[in-house]
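As structure tokens, the structure follows; a few thoughts come after it.
Numbering of ligands and ligand atoms starts at 1, following listing order. On a predicted model such as this, the values are computed, not experimentally measured, just so you know.
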Amino acid sequence: MEPNDFPLYTTVEKKSSLYRVYACTRFSAIIGLIYYRLMYIPSEDSWPWIAIFVAELGFAYCWILEQAYRWWPVERKVFPKRLSQRFGSDLPPVDIFICTADPTKEPPLTVINTVLSALALDYPVGKLSCYVSDDGGSPLTFYALLEASRFAKIWLPFCDDYSIQDRCPEAYFSNADALQSVNLSFTRAWKHVNKMYLELKDRINNVVEMGSVPADKQKEHKGFKDWVSGSTKPDHPSIVQILLEKGEERDIQGNDMPGLIYVSREKRPGIPHHYKAGALNVLLRVSGVMSNAPFILTLDCDMYTNNSEALRQAMCFFLEPKTGHEFGYVQFPQTFHGITKNDLYANNLKTLLEIKYKGLDGIEGPFYIGTGCIHRRDVLCGSERRRSSPKYHKAAYSIVCTEDGSVAKDKASSSKMLKDARDLANCTYEDNTLWGKEVGMIYGCAVEDILTGFVIQCRGWKSIYCTPRRKAFLGCAPNNLNDTLIQHKRWAAGHLELFLSKFCPYLHGIQRIRVAQRMCYSFCGLWSLSSMHILCYGLIPGLCMLRGLSLFPKVSSSYFFLFASLAVSGYGYSLIEFIWNGGWFKSWWNEQRMWMIKGVSAYLFASIEVVGKMLGVSEVGFEVTSKVVDSEAAKRYEGEIFEFGVASALFIPLTTLAIINLISLVGGLARILLEGYSAFECMILQLLLCSFIVINGCPIFEAMFIRKDKGRIPTSITIFSILVAVSVCSVAYMAIPSRWQESS
Ligand SMILES: O=c1ccn([C@@H]2O[C@H](COP(=O)(O)OP(=O)(O)O[C@H]3O[C@H](CO)[C@@H](O)[C@H](O)[C@H]3O)[C@@H](O)[C@H]2O)c(=O)[nH]1
Ligand SMILES: [Mn+2]
């Protein structure tokens with residue numbers, strides 16, 4: 001083979017026969033369980049039996065869907081060195097999109113760190129343009145970006161000269177190891193750049209603290225004039241400002257610089273802006289008239305690049321001559337910095353992102369998850385020819401492209417281009433076009449990313465999961481329970497909306513994507529509804545035990561073994577899989593606990609929200625998660641103590657369920673003590689289930705009754721939950737029969 005014939009990436013299949021044997025055995029056991037439930041159905045008062053059976057059918061159905069993720073896993077390996085040998089610096093241009101929405105929840109300093117890390121990506125100079133969408137419409141963010149554009153002129157050559165890997169300044173300078181070098185010139189440069197960074201930070205923090213940009217600083221850039229008086233976050237005209245002009249600016253060593261453009265789209269009260277999806281569509285259009293790169297990297301404002309090679313790695317897929325043309329997007333895993341040792345809130349989503357997504361990669365490819373993803377412009381906007389149709393662009397703005405894909409422009413047209421760009425960012429621009437319906441990010445779903453990825457796959461594109469050893473991008477995860485639940489509520493609601501829309505994975509794209517892939521989309525689509533069977537299992541067995549009613553087979557019955565082995569093997573398998581993939585027991589424990597917590601809270605509220613939306617009474621919005629944390633709460637987070645603090649309705653199902661199970665456990669134990677072995681024999685499984693829930697609920701009891709700090713559960717929630725729990729237990733005591741009638 002000629003060196004040029006070596007592949008740019010390889011794929012290793014990770015199929016496991018052992019797993020398949022396990023899955024088939026488990027499947028037979030599930031059939032056995034169904035048989036038992038049908039055969040022994042009580043003749044009267046059978047509703048608890050039927051309820052638990054329906055819940056079990058729900059679990060079984062989800063488990064079957066889940067198999068699609070585990071049947072064909074693959075792993076990819078890329079060879080960026082070969083890419084460099086073959087293409088040198090002749091790589092395609094890339095536009096980088098970074099979204100921010102709120103200067104208080106997303107501090108400008110965080111945003112510029114992401115921007116600087118993206119500008120510093122190891123990629124041919126002059127091929128990168130970075131567009132920042134500011135839905136907060138904040139002059140503070142604009143000011144920070146202006147400062148960052150100046151600092152970039154020092155930062156970029158520094159990263160390049162010393163082959164720095166950590167190209168996010170904040171992360172780089174907070175790592176003391178970086179200075180352990182004997183190289184004098186490096187030490188000198190490090191100290192200088194560090195000093196400049198600290199000064200930059202000071203200036204930005206001062207302005208942010210003041211809450212507005214002082215007049216003398218406003219004189220530094222004409223762009224500040226765009227904030228006309230009366231501009232507010234929900235009501236302002238569109239602003240597009242070039243902070244670094246590609247091909248014009250030079251860094252301190254005289255090298256070319258990437259472009260940096262600030263965009264704040266027009267917002268007017270009453271006109272829907274479609275949250276992040278709307279923001280990205282504006283960037284697609286604005287970049288279309290400015291740099292029009294054929295590839296687009298989307299990043300959240302807190303998601304800095306941690307592996308400077310990331311773009312080159314993605315190009316290994318797109319530029320592979322034999323298969324590259326099939327790939328619509330390359331998705332990197334969403335990974336986080338600052339997660340505590342045992343990952344208290346299971347933010348790493350280890351099972352989902354490290355295991356299941358590799359399974360997706362063996363089918364049609366991973367979902368698009370909104371950040372750390374590189375798309376072809378064509379898959380989002382249609383082909384060049386389609387793009388000039390009026391449904392896409394109103395005639396005046398049809399994009400003129402030269403042969404190599406760059407936008408034809410001369411000096412005189414530069415100000416016209418800015419004016420065009422501003423018009424493209426107007427809030428009525430999309431009226432009567434296909435934007436949000438067929439073109440760009442698709443609207444109407446709280447997980448615009450998943451929906452858009454699904455539509456792309458239905459058009460016949462494949463996607464790729466790229467998981468380099470050194471994590472490519474690092475974001476910040478929610479650091480308290482409420483934010484975590486809000487995030488999962490949005491995801492679950494979005495997935496359910498997708499499932500119930502015309503894009504239902506069971507019906508849409510039938511010819512284009514495989515059944516397995518559709519099973520994977522549906523699995524997530526049913527997250528919200530799984531709250532029903534999780535709730536049933538968390539409530540009914542305990543309440544029945546309180547009444548002395550047995551729902552499961554006796555110890556002496558052979559079916560007992562069937563139930564016990566289903567439970568043990570299910571949990572056992574997930575533990576082994578977790579540890580096999582580099583986790584440890586405590587993180588696994590936290591992940592399974594979060595599964596229950598999300599199940600009964602976030603997923604339940606997500607179902608309610610979606611039903612509300614269908615009835616026209618509520619809306620599924622996009623609540624931005626906060627990227628800041630106060631110092632006391634940060635200490636608790638470090639110590640892995642659950643952070644409740646606010647009186648959030650999301651906590652009520654958790655606290656109520658915990659109390660109900662505690663009452664049931666105490667009641668059940670008392671009954672067993674009184675009635676002896678016969679009660680024990682019938683109720684052992686219920687006893688174990690209840691104990692398991694109570695053990696999982698320990699942090700909740702602590703936060704209700706023992707803790708005194710600010711992160712405890714507010715007293716109002718505790719009192720309310722006790723009242724609800726006691727009422728539920730009393731009603732259940734009256735409604736549940738104390739024994740089954742023998743069926744004839
Ligand atoms: O009206 C909005 C709302 C949000 N955002 C941006 O969207 C990004 C994600 O928001 P965040 O609050 O951090 O939500 P997460 O739950 O962390 O986001 C995850 O889930 C989203 C879908 O629900 C995806 O779009 C994201 O990429 C993914 O990281 C941030 O950069 C925001 O600035 C906007 O630009 N405009
Ligand atoms: Mn985020």
- request: Could you label the plane-to-plane angle of the Phe651 and Phe644 rings as parallel, tilted or perpendicular, counting under 30° as parallel and over 60° as perpendicular?
  value: perpendicular
- request: Give me the ring orientation class for Tyr197 and Phe173: parallel if the planes are under 30° apart, tilted from 30 to 60°, perpendicular past 60°.
  value: parallel
Ligand-protein N/O pairs under 3.5 Å (ligand 1):
| from | atom 1 | to | atom 2 | distance (Å) |
| --- | --- | --- | --- | --- |
| ligand 1 | 12 (O) | Thr625 | N | 2.7 |
| ligand 1 | 12 (O) | Thr625 | OG1 | 3.1 |
| ligand 1 | 12 (O) | Lys627 | NZ | 3.3 |
| ligand 1 | 13 (O) | Thr625 | OG1 | 3.4 |
| ligand 1 | 13 (O) | Lys627 | NZ | 2.6 |
| ligand 1 | 14 (O) | Arg490 | NH2 | 3.2 |
| ligand 1 | 16 (O) | Gln487 | NE2 | 2.8 |
| ligand 1 | 16 (O) | Arg490 | NH1 | 3.1 |
| ligand 1 | 16 (O) | Arg490 | NH2 | 3.1 |
| ligand 1 | 17 (O) | Gln487 | NE2 | 3.1 |
| ligand 1 | 20 (O) | Arg490 | NH1 | 3.4 |
| ligand 1 | 20 (O) | Trp491 | NE1 | 2.9 |
| ligand 1 | 23 (O) | Arg490 | NH1 | 2.6 |
| ligand 1 | 23 (O) | Trp491 | NE1 | 3.3 |
| ligand 1 | 25 (O) | Lys276 | NZ | 2.8 |
| ligand 1 | 25 (O) | Glu448 | OE2 | 2.8 |
| ligand 1 | 27 (O) | Lys276 | NZ | 2.7 |
| ligand 1 | 27 (O) | Asp300 | OD1 | 3.2 |
| ligand 1 | 27 (O) | Asp300 | OD2 | 3.0 |
| ligand 1 | 27 (O) | Ile369 | O | 3.4 |
| ligand 1 | 27 (O) | Gly370 | O | 3.4 |
| ligand 1 | 29 (O) | Asp300 | OD2 | 2.5 |
| ligand 1 | 29 (O) | Gln334 | NE2 | 2.6 |
| ligand 1 | 31 (O) | Cys99 | O | 2.7 |
| ligand 1 | 31 (O) | Cys301 | N | 3.2 |
| ligand 1 | 33 (O) | Cys99 | O | 3.2 |
| ligand 1 | 33 (O) | Ala101 | N | 3.1 |
| ligand 1 | 33 (O) | Glu106 | OE1 | 2.9 |
| ligand 1 | 33 (O) | Glu106 | OE2 | 3.1 |
| ligand 1 | 36 (N) | Asp135 | OD2 | 2.7 |

- prompt: Can you tell which of Asp102, Asp135, Asp134 makes a salt bridge (charged side-chain N to carboxylate O under 4.0 Å, His left out) with Lys233?
  reply: Asp102
task: Name all pairs fulfilling the side-chain hydrogen bond (donor to acceptor under 3.5 Å, both in side chains) condition that reach into residues 463-472, sequence neighbours left out, sorted by first residue then second.
output: Gln165-Arg470, Asp166-Arg470, Asn306-Arg470, Gln457-Ser463
message: Less than 4.5 Å apart, side chain to side chain, heavy atoms only: is that true for Gln331 and Cys373?
response: yes
message: Tell me whether Arg285 forms a cation-pi arrangement with Trp435, defined as NZ or CZ under 6.0 Å from the six-membered ring centre and within 45 degrees of its axis.
response: yes
